Amino acid sequence: MFKKILIANRGEIAVRIIRACREMGISPVAIYSDADRSALHVRLADEAYYIGASPSLESYLSMEKIIDVLKESKADAVHPGYGFLSENAKFVQAVEQVGVVFIGPSALAMEMMGDKIRARQLAKAANAPVVPGTEKPLDSLEEAYQVAKQIGYPVMLKAAAGGGGKGMRMVGKEEDLASAHNIARSEASAAFKDATVYLEKFIVRPRHIEIQLLADRQGNYVYLGERECSIQRRNQKVVEECPSPINSAELRRQMGEAAIRIARQAEYYNAGTIEFLADQEHNFYFLEMNTRLQVEHPVTELVTGIDLVKEQIKIAYGQPLSFTQSDIQLRGAAIECRIYAEDAEKNFMPNPGRITRLSAPSGPGVREDSGVYEGFEVPIYYDPLLSKLSVWAATRPEAIARLSRVLDEYHIDGIKTTIPFFKAILKQDDFIKGNLDTGYIERNWHPSSKPTETPETKELQHLAALVTAIHHNSTNQKSNNQTINQAKQSAWRLSTRTKGRGF
Amino acid sequence: MFKKILIANRGEIAVRIIRACREMGISPVAIYSDADRSALHVRLADEAYYIGASPSLESYLSMEKIIDVLKESKADAVHPGYGFLSENAKFVQAVEQVGVVFIGPSALAMEMMGDKIRARQLAKAANAPVVPGTEKPLDSLEEAYQVAKQIGYPVMLKAAAGGGGKGMRMVGKEEDLASAHNIARSEASAAFKDATVYLEKFIVRPRHIEIQLLADRQGNYVYLGERECSIQRRNQKVVEECPSPINSAELRRQMGEAAIRIARQAEYYNAGTIEFLADQEHNFYFLEMNTRLQVEHPVTELVTGIDLVKEQIKIAYGQPLSFTQSDIQLRGAAIECRIYAEDAEKNFMPNPGRITRLSAPSGPGVREDSGVYEGFEVPIYYDPLLSKLSVWAATRPEAIARLSRVLDEYHIDGIKTTIPFFKAILKQDDFIKGNLDTGYIERNWHPSSKPTETPETKELQHLAALVTAIHHNSTNQKSNNQTINQAKQSAWRLSTRTKGRGF
Amino acid sequence: MKLELEIESKTFSVDWEQKNDNITATIDGTSYELVIMSPSPNVYTLLLNNKVYELAIEPNPLTNTNQVKVVNQVITTKIVDHRQRGHKTDKVASGTQPISAPMPGRVVQVLKNVGDEVKSGEGVIIVEAMKMQNELGSPKNGIVTAIKVKPGQNVVSGEVLAIIE
Amino acid sequence: MKLELEIESKTFSVDWEQKNDNITATIDGTSYELVIMSPSPNVYTLLLNNKVYELAIEPNPLTNTNQVKVVNQVITTKIVDHRQRGHKTDKVASGTQPISAPMPGRVVQVLKNVGDEVKSGEGVIIVEAMKMQNELGSPKNGIVTAIKVKPGQNVVSGEVLAIIE
């Protein structure tokens, strides 16, 4: 087995991979930027290397610096996590050039799947359903008009190099096509330095359902059930579950087998995810493939009992899968909430800053994958994901009840998080019934106006007033008649708390 | 379903039950003594009632006070947890007399199983194997001589009313019997106000293996696999696992069916545990029945996916089990460590006090059931169990590796805990191979003498010296040129930290 | 002890006595008997007629207010300090309004210069945090009288970035 | 900065300079270049040649020592204060030894009276904590010169319960 793995990432996913390494007896190596000097992934690693200034381009996206650390640390493999360089085929090549194993697919498979239009062609070749639309980049606005007319409105314009919702535009009717085409192209150009767009049928109220795959270098493929990821804001997932509330064993088999056929086309190995859109009649269409570990992999792990990160590492080392499709059993239901540093009341505005209090839930059926700790200054430079809170229970209703309990136990102070948002969503009828689609939040999330005044709210206001008064009073009183000894200790405590990660 | 459940307990098990209540939409009611005014179970409950001074006899063991709270809170059921009043048939009767449901077995079944000699007779009647010995109290020392001779030395003297190792004496040869008989009787008398003892064959290097049962009021019984609990100090379990390293499907079926036959004899309902001793040839003998939830129930939950506390509540409410024996599937392996406030280096001496830092592990396959938090003053009055740390993994070796990882992430400062002890045990060959028996700790745990001086230890000493110097320096420096504002905040912080739960 | 507080522009008088962890209080005319504990800094557990409430207080020194979290609500409280009342109102010249950073971040672009005329809502400064850009608009029609930041500069939450008059 | 420390009765001189979070130190003659961070109070993360060490320090005011936890070890450190050295040795009358509580607990029984003769190891006081009784024996042959506690009394860790001369 590998002796040392460099984790080319940060935050919760770096921590997740470090843990897998530790459990496999592999020494984990971290990298860090200025803003991450005392990040959790640094604290938990065996070795940590400084790779530059806080902006990602100067650190986590710098291939050169990471390759230097590879050489210096003598790591024999690299795990890219998700995001950053995880889907960059050039990085795969650079890693392999210095004789180090990339824990992921071949550069070729990554490239093929990274190009949306090519991936779509592969899916068609694999006899998997795809959303009706262009097979190739649109040459012109005229072509766009023509194709849109043919497949019928509404249609969707998408950046060929895209991801994360950038360069995407829905077009409801013909007269809006020209301007949408313009905007999508310029967004795509700005975001990916590639203005190429293509066009697809727009699926009304689609569900986002994806299949988790594992494939080894010997050509064995298994699917590990699906994940429903329809709860999205800004086209990014915020709640994921396994299984999907709509999936039957038969639908799962169909989607799983289609997914494997697609992956086979690219001779794919590693963990991988085939994303589908499902319409209201449960027809499903290939959307894209993610050639890396997904953020939401824990729900699959909870339901299948398989450790995806360990499997990735074993596959990269050349080991064949130790199980076949018939060994994969789904048990119960799992739901994940992405705890973001965002103010859901204010349109999910990012909210970095210092975590002054962190009290995480525990007890039966709880899994937390966190990248932060009390006292940590959440940097302004990176993704706002603080932690993934997942629960498992025997059934979906029990998982929802457990998640509610667990969110009530979760306390993060100092910054705004999406915890209150999740509490609200879990109480909604449509969520409880599993009536989900990718427009869910837009339709169902209306940040609270003032709660109506009840005797209960009045009592809570009274208690809040009392606690404020007592807190204020104690704070002042204590400082007036403190002893030298108290002052000594406490000043230091304040100093480390306030300054946190450095001196 | 019940509307409100009073939890007649404290610490981690009270928290565990509160969580089950919350997930079932039941309002949890806590009770607390002086020492527990700001205990975690109080903070997490909907209501909390003061029941008296810190010593258990004046609070958690006071039936009268608890019955008063039952009436005042209008709870419709009582969960007793384990310990305290959980196996007191008089308490069951008192609860039922005020029209409240006791979440446990009938008073009669509890009484029958609480009497070891009667339980043994039931087991024999159920055609379950028992350790050869007396069926009834020894009338005299002469009878002891006679029985011991008949079944052969070594033999074991046990208090009829016993538990927790009190009133137990192993006798290796005839000439030691008289004095052991004397001591066992006087210990039994002191501990249980009942000097009655009986005599059994002493099993050499026995494993402690127990079967978890669930039985409803309709007479349905299932067994949920076994737990191996051979790692014990002072006859109390400290590490438990499911499944046992030695158990085959066939042995499990034999033990499970024997356990059900025994429980049926008492018309038992509720969760329950039949404890067996297994000898080196894997013969097993009935030891006793615990008519309540066990401390170590999480490992069974992790492997079977069944929530034992919720099942207890449903059974008490009168619901039949929603599954049968064939639905019970064991998946993977789980191990639990009891994190005690004890100094394992000093013969597991209790170590209560304030927890100045608490940083719990998380990530895949971890479950924590804790009764404490950072800043809590662990009382001197109760059991030293702080928290139960459990892991699940696909196989036992992976579970051991995970547990090691998880223990390395666990930091408790301010008091001594058994965490370092577990780290050491997990590295031992016999543990890894599953060569366990109840004498394991006595044989294999030798608190470390000074570690041999290596370049590594020297470097660590240097770093420890440096950190001490820097800490000392910063502490002094900061206090000399602090601003008023710093002092204000920090003094209060210190004050709340130091004084903690009150004012 | 006696203090005056403001919640949602309503004034509450709090009058309380504390003996160990028992509190007798009159709040806005209502009497309370409570048990109070502080399990950790800024966290208070209250027992009111045996009902458990846990409140966490987060003082915000910039606005001189406190965020009190309780039962899935956040209540903003403010101590009314009669001595300082006069001073405060003087500080902000009437007709002048600041543009403040709603979150920590980095200034990526300054869209206006000092002296420029701006309409209400018109973008003045773009701040980026966590890969999201946030265009901060003018709170009113007016003239930019001060720009206090430069592109590339990091700002903290609540920091005044520009002044509109 | 310069300080002298004691670990396991060996003396270590620590001579260090700090610039932001970089440390240059000479410890007991060995030179180190380190990065240091303090993620939370009393916790220090060190990077030494890119290797990560996390140390937690617990000062014990009673004994004036520190417990430093690092990589599954606990190292006891003590700052050597030359000014106080003389005083300290004076404090304990030679030949006098205390019996201290090894843990917090409650005194359940006092087995000896002042003036009693005791043998080394002979029980003097029984302290109970967490349902375990602990008989504290005399550290030497001698006479009980003071009993400082009564049955039923709670004691803290390290508290002197009796003196043997």
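Predicted model only: the values in this text are computed from it and were never measured. So that the names make sense, note that chain A is the first sequence line, chain B the second, and so on, each numbered from 1.
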For this session: Before giving the answer on ring-ring contact (aromatic ring centres under 6.0 Å, His included), spell out for B/Phe421 and B/Tyr340 the whole-Å C-alpha distance, their side-chain angles and the decisive distance to 0.1 Å.
Result: CA-CA 10 Å; B/Phe421 164 76; B/Tyr340 281 122; 9.8 Å; no
Distance-only donor-acceptor check, side chains [X] and [Y], under 3.5 Å:
X        : Y       : value
D/Asn49  : D/Tyr32 : no
B/Tyr373 : B/Ser38 : yes
D/Asn66  : D/Lys78 : no
B/Ser387 : B/Glu12 : no
B/His41  : B/Tyr32 : no

Exercise. If you draw the axis of the six-membered ring of B/Tyr381, does the NZ or CZ of B/Arg10 fall within 45° of it and under 6.0 Å from the ring centre?
Worked result: no
Exercise. Using a cut-off of under 4.5 Å for heavy-atom pairs, which of D/Thr76, D/Val70, D/Asn72, D/Asp28 has the most such pairs with chain B?
Worked result: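 Going by pairs under 4.5 Å, I would pick D/Asn72.
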Problem set entry | Among the listed options D/Val68, D/Val14, D/Ile27, the residue most often paired with chain B at heavy-atom distances under 4.5 Å |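 That would be D/Ile27.
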Would you indicate whether the side-chain heavy atoms of [Y] and [X] approach each other to under 4.5 Å?
X        : Y        : result
D/Lys69  : B/Asp413 : yes
D/Phe12  : D/Lys10  : yes
D/Ile147 : D/Leu161 : no
B/Leu466 : D/Trp16  : yes
D/Ile75  : D/Ile7   : yes
D/Tyr53  : B/Glu459 : yes

Problem set entry | side-chain hydrogen bond (donor to acceptor under 3.5 Å, both in side chains) between D/Ser13 and D/Glu4, intermediate numbers included | CA-CA 5 Å; D/Ser13 71; D/Glu4 237 172 67; over 6 Å; no
Exercise. Which residues from residues 125-146 of chain D are near chain B, with near meaning under 4.5 Å between non-hydrogen atoms?
Worked result: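 Listed by number, the contacting residues are D/Ala129, D/Met130, D/Lys131, D/Met132, D/Asn134.
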For this session: Could you tell me which residues in residues 100-109 of chain D have at least one non-hydrogen atom under 4.5 Å from a non-hydrogen atom of chain B, sorted by residue number?
Result: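 Checking residues 100-109 of chain D against chain B gives D/Pro102, D/Met103, D/Pro104, D/Gly105, D/Arg106.
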Pick one of side chain, backbone, both or neither for [X], based on which atoms fall under 4.5 Å of a heavy atom in chain D.
X        : answer
B/Glu456 : side chain
B/Asp408 : side chain
B/Lys346 : neither
B/Ala424 : neither
B/Pro420 : neither

In terms of heavy-atom proximity below 4.5 Å to chain B, should [X] be classed as side chain, backbone, both, or neither?
X       : value
D/Asn60 : neither
D/Lys2  : neither
D/Val74 : neither
D/Val43 : side chain

For this session: Tell me, out of B/Gly414, B/Pro379, B/Ser359, who's got the most heavy-atom pairs with chain D below 4.5 Å.
Result: B/Gly414
For this session: Examine B/Tyr382 together with B/Tyr60 and report whether their ring centres are nearer than 6.0 Å.
Result: yes
